[in-house]
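Worksheet: the structure to be examined is printed underneath.
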Amino acid sequence: MANSQGSQEQTEQQNVPAPVGPAPLQAADPVSIGGFELLGRIGAGRQAVVYLGRNTHGESAAVKVLRAERRDDRRSLEAFEREVEALGLAPDSISPRLYGAGWDGRHRYTTSEYLTGPSLEELIRTGGPLGGAELQQFAVGISRLVAELHRLRIHHGDLKPRHVITGPGGRLFLIDFGVAAIGDGALRRRDLFGLASLILYAACGRFPYEGTPLEISTRTMGGRPEIGMLPRSWRNTLRSCLEPNRRFCPSAAGVLRTVGRYGSWA
């Protein structure tokens, strides 16, 4: 299983095989935090490392620890506090349950429900794009999650395929609230771009703007997303989310209404 609970730095190339299971702890890693023994790494990014933990009752958790070099950095601490706030406000039906957050004198950390996945990235890489009613079911599910977050004035800010996890019963969850904020209009617009990108990725396994960094920048600023593979009745709404210079952008609830219409995948 690839990283399902952290912001692991990895390429976006879809032909790169996912690592199986958590990676071994490194020499400098702690061995226990917040009442959880750490069993391995499940994600690592610039700001934090995420470990698989297990307590004395045999319960698993994702233990996210701010990197030592970041724990005195004001911006990193503010982002960490915003993430804790967002996770505390988000219902368990949207994101992993937050068990706790704290400071043990050496580590600033959170512990939360561990969801094994697969992520949308893994799902599409191994099973191929979704189509028909299956695509509509995904589009409705992910739009409903984002719409509910926005109703609560929570903005995720980093919606991408590896941050969408399939949980028990096939339900979708959003993870990695590392840049989330409450009531941030700029992040709201970013979420809508991310939401449309997720739906497109589920439909064809790629993103709306691809190519070299220069080509991506040019295409993005020109507002020419490649969306011809989406159902025709979805295109205007999702295009308006993907064009950064478009003055009007629908709400997540508006996207939900569009993708939820009967027969809209035809």
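Side chains are part of it too, since the values below use all heavy atoms of this structure and drop only hydrogens, waters and symmetry mates. These numbers come from a predicted model, not from an experiment.
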Greater than 12 external heavy atoms within 6.0 Å of Glu148's CD | yes

Kindly write out the residues that satisfy side-chain hydrogen bond (donor to acceptor under 3.5 Å, both in side chains) with Arg106, not counting sequence neighbours, or none if the list is empty.
-> none

Do Leu174 and Tyr99 share a hydrophobic cluster (ILVMFWY, side-chain heavy atoms under 4.5 Å, transitive)?
-> no

Partners passing side-chain hydrogen bond (donor to acceptor under 3.5 Å, both in side chains) against Asp72 (at least two apart in sequence or in another chain) = none

For Glu59, what residues pass the side-chain contact (heavy atoms from CB on, under 4.5 Å) criterion, not counting sequence neighbours?
-> Asn55, His57

Assess whether side-chain hydrogen bond (donor to acceptor under 3.5 Å, both in side chains) is satisfied between Asp29 and Tyr51, documenting all intermediate values.
-> CA-CA 10 Å; Asp29 286 334; Tyr51 302 94; 2.7 Å; yes

Counting distance only, does the side-chain N/O of Arg97 pair as donor-acceptor with the main-chain N or O of Pro91 below 3.5 Å?
-> no

Would you mind checking if Glu83 and Lys64 are paired as a salt bridge, meaning a charged N to carboxylate O distance below 4.0 Å?
-> yes

Cluster check Phe177, Val179: I/L/V/M/F/W/Y, side chain < 4.5 angstrom = no

Under the 3.5 angstrom rule, does the side chain of Gln136 hit a backbone N or O of Arg261 as a donor-acceptor pair?
-> yes

Verify same cluster id: Ile154, Val164 (apolar side-chain graph, 4.5 Å) = yes

Salt bridge between Arg75 and Glu78, side-chain N to carboxylate O under 4.0 Å?
-> no

Salt bridge between Glu122 and Arg162, side-chain N to carboxylate O under 4.0 Å?
-> no

Just checking, is any N or O donor in the side chain of Glu37 or Ser32 under 3.5 Å from an acceptor N or O on the other one?
-> no

Would a distance-only check, ignoring hydrogens and angles, find a side-chain to backbone donor-acceptor pair under 3.5 Å from Arg189 to Cys241?
-> yes

